[in-house]
Amino acid sequence: MDGKAPPLFLIGTLSLPSTPKSIFFLFLAMSESSTTTTTTAASAPAASAAASAVTDSPAPPQSVTKSWADEADEETAAATTSTAETETSSVKMDGLTIDGNKSNSPKLLDDPDDSNIQAVTSGDTPYTSAATFEDLNLTPELLKGLYVEMKFQKPSKIQAISLPMILSPPHRDLIAQAHNGSGKTTCFVLGMLSRVDPKVQAPQALCICPTRELAIQNTEVLRKMGKYTGISSECAVPMDSRDALPIAKRAPIMAQVVIGTPGTIKKWMSFKKLGATRLRILVFDEADQMLAEDGFKDDSLRIMKEIEKVNSNCQVLLFSATFNDTVKNFVSRTVKKDHNKLFVKKEELSLDAVKQYKVHCPDELSKIEVIKDYIFEIGENVGQTIIFVRTRNSAKMLHKSLVDLGYEVTSIQGALEHEERDKIVKEFRDGLTQVLISTDVLARGFDQQQVNLVINYDLPVKHTTQFTRDPEPDCEVYLHRVGRAGRFGRKGAVFNLICDERDERLMSKIENHFGTLVTEVREKSVEDYKAALKEAGLLL
DNA sequence: AAAAAAT
């Protein structure tokens with residue numbers, strides 16, 4: 001691309017439903033390939049070609065830890081050299097240092113969207129940021145859903161920028177990154193709903209998600225938002241044993257929107273029950289995971305190919321809060337060449353509204369002590385809590401320990417039966433349970449506004465380096481876990497339980513990666529934890 | 001080999 005420093009333009013100020021006073025500045029880069037200059041009341045055009053480059057940061061060496069997670073494991077000392085990805089920074093950002101607003105305007109704690117999004121648009125289509133939902137030419141039924149059902153007032157920042165790109169011809173593919181809890185789901189759900197032709201009774205929008213829970217959640221959001229549109233939808237996740245008619249015997253899917261997990265969608269397609277000829281829009285939620293080598297890459301590409309076979313004009317949307325360099329590079333080659341993209345620098349990705357802490361625990365057992373003696377003591381009144389663990393076994397064991405101690409906690413992990421998973425999530429959503437122990441099955445996307453506290457019982461570790469002497473943290477997963485708190489700008493706190501030098505190094509690598517400071521809590525007294533939660537804004 | 005999906 002170009003190596004010139006593109007000029008910057010201030011294109012809009014917006015506010016969010018839950019944060020009425022917030023003001024943000026959005027800078028977009030403009031380059032020679034387009035010269036757009038329309039302006040509306042509170043918005044202006046998004047721009048063209050320019051791009052982003054992100055780099056990773058390293059950190060120090062070794063040690064070993066014993067945890068329940070490791071019990072079933074074998075210690076292999078095969079030292080893997082840290083992943084040195086061949087990153088052709090085909091994209092660059094020279095003059096694109098868009099830190100302008102940082103120094104100018106003080107950050108508001110409850111502002112979920114206070115950082116910059118880099119927009120790179122293809123061709124010369126001018127996009128005007130949407131100041132209101134009315135700007136988007138939505139049907140009255142859909143607008144009503146937004147206002148009445150969803151109780152939205154105005155588009156969030158990512159919505160304001162991405163929706164015009166999604167909705168206006170020529171309906172280019174879009175890769176969009178935005179912060180956790182900033183309203184990505186609304187972007188693609190609204191996109192799907194508004195691109196469906198109500199008169200056509202066939203699948204026209206397809207959304208693929210990494211977990212059953214996310215597919216169900218997204219389906220629920222779509223049904224709520226689309227309540228007045230009459231648009232039909234189907235959730236493609238494995239069904240409960242009993243009332244499930246074998247797919248071979250089922251009638252073809254007529255629903256206009258299908259949201260599901262890769263396996264079931266593949267299955268439906270291979271049984272010719274899910275036709276792709278009328279598809280107009282294909283969405284990958286948590287797209288980086290859906291297209292990652294150790295994720296669902298094969299499934300995703302397979303599905304895309306199946307669609308391409310019968311359909312040449314299906315818009316592809318890729319959404320996630322994280323795109324590491326490797327995935328980002330691959331992903332850009334997966335979609336059509338003239339796609340648009342929105343990216344956030346990784347340093348600006350961690351949520352300022354969620355305060356991060358680390359707690360030193362001498363050993364594995366003391367982690368439980370910290371949880372019950374301190375965090376539970378004061379955490380009960382600050383909302384719901386999710387405790388993340390690394391393995392299914394950890395989930396089971398920690399669950400048992402806490403239940404034996406008399407606490408009411410539940411746990412979820414992929415080995416549970418579907419029904420059981422659904423039940424546990426429902427109980428948590430209904431507020432019947434206060435504390436949920438989870439593997440990374442819920443690390444991404446799970447949206448429960450009452451969750452204010454996240455505990456990393458185990459830090460997330462990259463699987464490939466897990467048994468090396470100096471494992472790498474999984475920074476993406478870390479960010480997603482943290483993002484379970486602080487939904488839509490709410491306040492939150494994370495406690496990372498650190499046990500040994502290995503954990504120390506993981507933690508500091510995470511801090512380096514995001515350029516954030518994780519405050520240490522001295523496990524001395526309940527007062528210290530109270531102070532921490534006060535600082536996080538969760539206690540008075 | 002983790003977790004995720006699902007055969």
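Labels below follow one simple rule: chain letters A, B, ... track the order of the sequence lines, proteins then strands, and each chain is numbered from 1.
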Asker: Would you please name every residue forming a side chain to side chain donor-acceptor pair (under 3.5 Å) with A/E286, sequence neighbours left out?
Answerer: A/R444
Asker: Is there any salt bridge (Lys or Arg N to Asp or Glu O under 4.0 Å) pair reaching into residues 401-410 of chain A, and which pairs are they, with sequence neighbours excluded?
Answerer: A/K400-A/D404
Asker: So that I know where these two stand, are A/Y374 and A/F495 an aromatic pair - ring centroids less than 6.0 Å apart?
Answerer: no
Asker: Counting only side-chain nitrogens and oxygens, does A/R444 get under 4.0 Å of the OP1 or OP2 atom of B/dA3?
Answerer: no
Asker: Can you tell me how far C1' of B/dA3 sits from CZ of A/R481, to the nearest Å?
Answerer: 10 Å
Asker: In this structure, how many angstroms lie between the C1' atom of B/dA1 and the CG atom of A/D440, rounded?
Answerer: 16 Å
Asker: What about A/D294, does its side chain sit under 3.5 Å from the base of B/dA2 through a donor-acceptor pair?
Answerer: yes
Asker: Under 4.0 Å, heavy atom to any atom of DNA chain B: which of residues 204-220 of chain A qualify?
Answerer: A/P210, A/T211, A/R212
Asker: List the residues meeting side chain to side chain donor-acceptor pair (under 3.5 Å) with A/T185, not counting sequence neighbours, and say none if there are none.
Answerer: none
Asker: Establish, with yes or no, whether the OP1 or OP2 oxygen of B/dA6 is under 4.0 angstrom from a side-chain nitrogen or oxygen of A/R302.
Answerer: no
Asker: What salt bridge (Lys or Arg N to Asp or Glu O under 4.0 Å) pairs are there with at least one residue in residues 180-192 of chain A, not counting sequence neighbours?
Answerer: none
Asker: For the pair made of CZ in A/R392 and P in B/dA1, what is the distance, rounded to whole Å?
Answerer: 14 Å
Asker: Taking the minimum atom-to-atom distance to the side chain of A/D299, which one of B/dA3, B/dA5, B/dA2 wins?
Answerer: B/dA5
Asker: What is the separation between atom CE on A/M397 and atom C1' on B/dA2, rounded to the nearest whole Å?
Answerer: 18 Å
Asker: Side chain to side chain donor-acceptor pair (under 3.5 Å) with A/Q413: which residues, sequence neighbours excluded?
Answerer: none
Asker: Among pairs that include at least one residue of residues 259-279 of chain A, which meet side-chain hydrogen bond (donor to acceptor under 3.5 Å, both in side chains), considering only residues two or more places apart or in two chains?
Answerer: A/K266-A/D299
Asker: How long is the line joining CG of A/L416 and P of B/dA5, in whole Å?
Answerer: 11 Å
Asker: Near DNA chain B, counting only heavy atoms under 4.0 Å, which residues of residues 251-268 of chain A show up?
Answerer: A/T261, A/G263, A/T264, A/K267
Asker: Atom CG of A/D458 and atom C1' of B/dA3: how far apart are they, to the nearest Å?
Answerer: 13 Å
Asker: I need the CG-P distance between A/D298 and B/dA6, as an integer number of Å.
Answerer: 16 Å
Asker: Going by heavy atoms in the side chains, are A/L459 and A/I498 under 4.5 Å from each other?
Answerer: yes
Asker: For A/Q289 and B/dA5, give me the distance from atom CD to atom P, rounded to whole Å.
Answerer: 9 Å
Asker: Got a sec, which residues hit side chain to side chain donor-acceptor pair (under 3.5 Å) with A/E213, two or more places apart in sequence or on another chain?
Answerer: A/R421
